[in-house]
Q: 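Please see the structure below; I have some questions.
Positions are given from 1 along the sequence. Excluded from the calculations below are hydrogen atoms, water molecules and symmetry mates; all remaining heavy atoms, backbone and side chain alike, are included.
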Amino acid sequence: AEVAKTGPHQYAITWGATNFREALARKQKHFSGLDYDPNSEIVVTCGSTEAMMAAMMSITNPGDKVAIFSPFYENYGADTILTGAEPIYIPLVPPDFTFDPEKLEDAFRQGAKALILCNPSNPCGKVFTLQEMTTIADIIKKYDAYIITDEVYEHILYAPHKHIYMAALPGMRERTITCNSLSKTYSITGWRLGYVLASPEIIDRVKKVHDFLTVGAAAPLMEAAVTGLNFGDDYYQELQAHYTHMKQLFVGGLKDLGFTFTDPQGAYYVLMDVSEFGVRDDYKFAEWMTREVGVATVPGSSFFREDVHNLVRFHFAKEDATLQDALNRLESLRKKANAATDVDWR
Ligand SMILES: Cc1ncc(COP(=O)(O)O)c(C=O)c1O
C-alpha cells in the first residue's frame, strides 16, 4: 500500500531494481551459501516462467538437444518448441520416480547441451537426494554441459527432505543456470516476480533476451517484495509447517480412504493411482470425476512423455475446510467408479 502511493511507477533497470537484486543475493547466500554479484549474476524476470524461457534462449540454438526428466512441468515442453530445441526425455519411474543414470548419460552421448531439472518436482513431489544430484552433476561435468534448474518449490519441503542447490555442488556453479521465483515462497503467483542466477557470461546473454521478451518486472512490486526477501528464518519455518499441515490432512485422508498415491517429499501435489478402476483414458476419467464426484484433478498423462494413463494429480494448497470437503467427496469415488457403466474412460 505504501509503494502504491509513493512509487516507483516507472520502469526499473531492465534486469531488476538494485535493492531487489541485492536482497535476492543476500537471501540466496543465506540458504545456499553461494555469493552472486547482484549486478553481473542476477536478472529479475516476470516469474520463473520467463526465467526458464530466457535461460533456454540464452544457452541453446535451434536444433540443440536438451534433456528433460519425465514427468515434467508442461512449460518445459513448450520452451523447447519455442526455442527450436529438441527434447530428449529421461523417465523418472513411478512409484518412487527414480532414474537410470545410464539413460541420462545416453542423452549427453547423443549431444544434449543441457538438462532441465525441476527440484522439488512438479508433478511428482520428488526431492532429489545428494547422491542423485551428484550423479547428475558428474554427467554434466563429464560432457561439458549445462543444467537449468527450476527451484520454485525450494522452501516447500516435508521433513526429513532437504533442498540441495545444484549450483553449490563442486564444479557446478558455472554450469548451473538457477531459475526461481517469489510466486510460491511468498504466495504471490500473480505478482510475476522471478529470477535467473548464473555466471556473468550467461547472465550477459540472459539480460539481452529478457530485455526483448518483457523489458522488465513490475517496478512497484519489486519494491514491495524486498520486504519479503528480508524475512527471517521464522517465516520459512512457518511456511513449511503450514504446508506440512495441509499435506498431512489431505494425504492422511487419502490413506484412510485406502487409495494408492505418491506421498510428496516437496511441492504441493499428490499423484494418485487410479488403475484400480480400470482407467484407460485419464483425461476422460478426470472429466468424469470432476462431474460425478465434484473433485477436479489434472490427468497425469499431461506430464508424462511415456505411456502413463493411470495417474491423476491433486493440488492440496487449500484451506482445511476445502480439503476436508474434497476428502468427503472422494469417499464416494470408489463406489461411483466401480458402479459406473457405459463410461468413456474404461
Ligand atoms: C515447477 C514450476 N515451475 C514454474 C512455475 C511457474 O512459476 P512462476 O509463477 O514463477 O512463473 C510453476 C507453477 O505452477 C511450477 O509448478
Q: After noting the C-alpha distance and the side-chain angles of Y268 and K184, does the key distance pass the side-chain hydrogen bond (donor to acceptor under 3.5 Å, both in side chains) rule?
A: CA-CA 10 Å; Y268 43 64; K184 318 284 174 173; 3.2 Å; yes
Q: So that I know where these two stand, are F314 and F250 an aromatic pair - ring centroids less than 6.0 Å apart?
A: yes
Q: Quick one: do the E174 and S199 side chains pair a donor with an acceptor below 3.5 Å?
A: no
Q: Is it the case that atom OH in Y11 sees more than 12 heavy atoms from other parts of the structure closer than 6.0 Å?
A: no
Q: Okay, side chain of R329, backbone of G294: is any donor-acceptor separation there less than 3.5 Å?
A: yes
Q: If we ignore hydrogens and angles and just use 3.5 Å, is the side chain of R334 paired with the main-chain N or O of G258 as donor and acceptor?
A: yes
Q: By the definition side chain to side chain contact (heavy atoms under 4.5 Å, CB included), identify the one residue from P71, P123, C124, S302 that meets it with R313.
A: P123
Q: If I compare all heavy atoms of V293 with all of S332, which pair ends up nearest, and what's the gap?
A: CG1-OG, 4.1 Å
Q: Kindly say whether P264 contributes a backbone atom to a donor-acceptor pair with the side chain of T262 at under 3.5 angstrom?
A: no
Q: Has the side chain of S70 got a donor or acceptor atom that lies under 3.5 Å from a matching backbone atom of P91?
A: no
Q: State which residue, out of E154, R173, E151, fulfils the side-chain hydrogen bond (donor to acceptor under 3.5 Å, both in side chains) condition with Y165.
A: E154
Q: Centre of F128's six-membered ring, under 6.0 Å away, within 45 degrees of the axis: is that where NZ or CZ of K126 sits?
A: yes
Q: Using only atom types and a distance under 3.5 Å, with no angle test, would you say the side chain of K247 pairs donor to acceptor with the backbone of L157?
A: no
Q: Taking the side chain as C-beta and beyond, is there a heavy-atom pair between T18 and P38 under 4.5 Å?
A: no
Q: If I take atom CD1 from residue I147 and atom CG from residue L117, how far apart are they, to the nearest 0.5 angstrom?
A: 4.5 Å
Q: State whether the side chain of S48 and the backbone N or O of A51 hold a donor-acceptor pair below 3.5 Å, judged by distance alone.
A: no
Q: Do the side chain of T6 and the main chain of E2 share a donor and acceptor less than 3.5 angstrom apart?
A: yes
Q: Can you tell if the side chain of F231 reaches within under 4.5 Å of the side chain of D233, non-hydrogen atoms only?
A: no
Q: If you draw a 6.0 Å radius around NZ in K113, do more than 12 non-hydrogen atoms from other residues or ligands fall strictly inside?
A: yes
Q: Would you call M272 and L333 a side-chain contact if the rule is heavy atoms closer than 4.5 Å?
A: yes
Q: Using only atom types and a distance under 3.5 Å, with no angle test, would you say the side chain of H210 pairs donor to acceptor with the backbone of A55?
A: no
Q: Nearest 0.5 Å please: distance from the CG atom of D150 over to the SG atom of C179.
A: 6.5 Å
Q: Check the pair H309, Y283 against ring pair (Phe, Tyr, Trp, His ring centres under 6.0 Å), reporting the backbone distance first and the verdict last.
A: CA-CA 8 Å; H309 296 278; Y283 269 82; 8.4 Å; no
Q: For the pair Y143 (side chain) and A107 (backbone), establish whether a donor and an acceptor sit closer than 3.5 Å, ignoring hydrogens and angles.
A: no
Q: Tell me whether the count of non-hydrogen atoms from other residues, nucleotides or ligands lying under 6.0 Å of OH in Y36 goes above 12.
A: yes
Q: Just checking E74: does its CD atom have more than 12 heavy atoms from other residues, nucleotides or ligands closer to it than 6.0 angstrom?
A: yes
Q: With a 3.5 Å cut-off and no angle check, do the side chains of T135 and D138 form a donor-acceptor pair?
A: no
Q: Is there side-chain contact between T45 and V196, with at least one heavy-atom pair below 4.5 Å?
A: yes
Q: Is any side-chain heavy atom of L24 closer than 4.5 Å to one of V44?
A: yes
Q: To the nearest 0.5 Å, what is the distance between CZ (F69) and CZ (F99)?
A: 4.5 Å
Q: Has the side chain of D273 got a donor or acceptor atom that lies under 3.5 Å from a matching backbone atom of T260?
A: no
Q: Counting heavy atoms not belonging to R346, are there more than 12 under 6.0 Å from its CZ?
A: yes
Q: Hey, are the side chains of T149 and N119 touching, using non-hydrogen atoms and a 4.5 Å cut-off?
A: no
Q: Is the shortest side-chain heavy-atom distance between L182 and Y195 below 4.5 Å?
A: yes
Q: Side-chain donor-acceptor pair under 3.5 Å between R280 and N310, yes or no?
A: no
Q: Flag the pair K255 and D263 as a salt bridge only when some basic side-chain nitrogen lies within less than 4.0 angstrom of an acidic carboxylate oxygen.
A: no
Q: Mark yes when over 12 heavy atoms from residues, nucleotides or ligands other than K103 sit less than 6.0 Å from its NZ; otherwise mark no.
A: no
Q: When you check the gap from the basic side-chain N to the acidic O, do E105 and K142 get nearer than 4.0 Å?
A: yes
Q: Can you check side-chain hydrogen bond (donor to acceptor under 3.5 Å, both in side chains) on T322 and D325, steps first, answer last?
A: CA-CA 5 Å; T322 311; D325 191 18; over 6 Å; no
Q: Decide yes or no on ring pair (Phe, Tyr, Trp, His ring centres under 6.0 Å) for F31 and Y236, but give the supporting numbers first.
A: CA-CA 11 Å; F31 286 103; Y236 301 94; 4.9 Å; yes
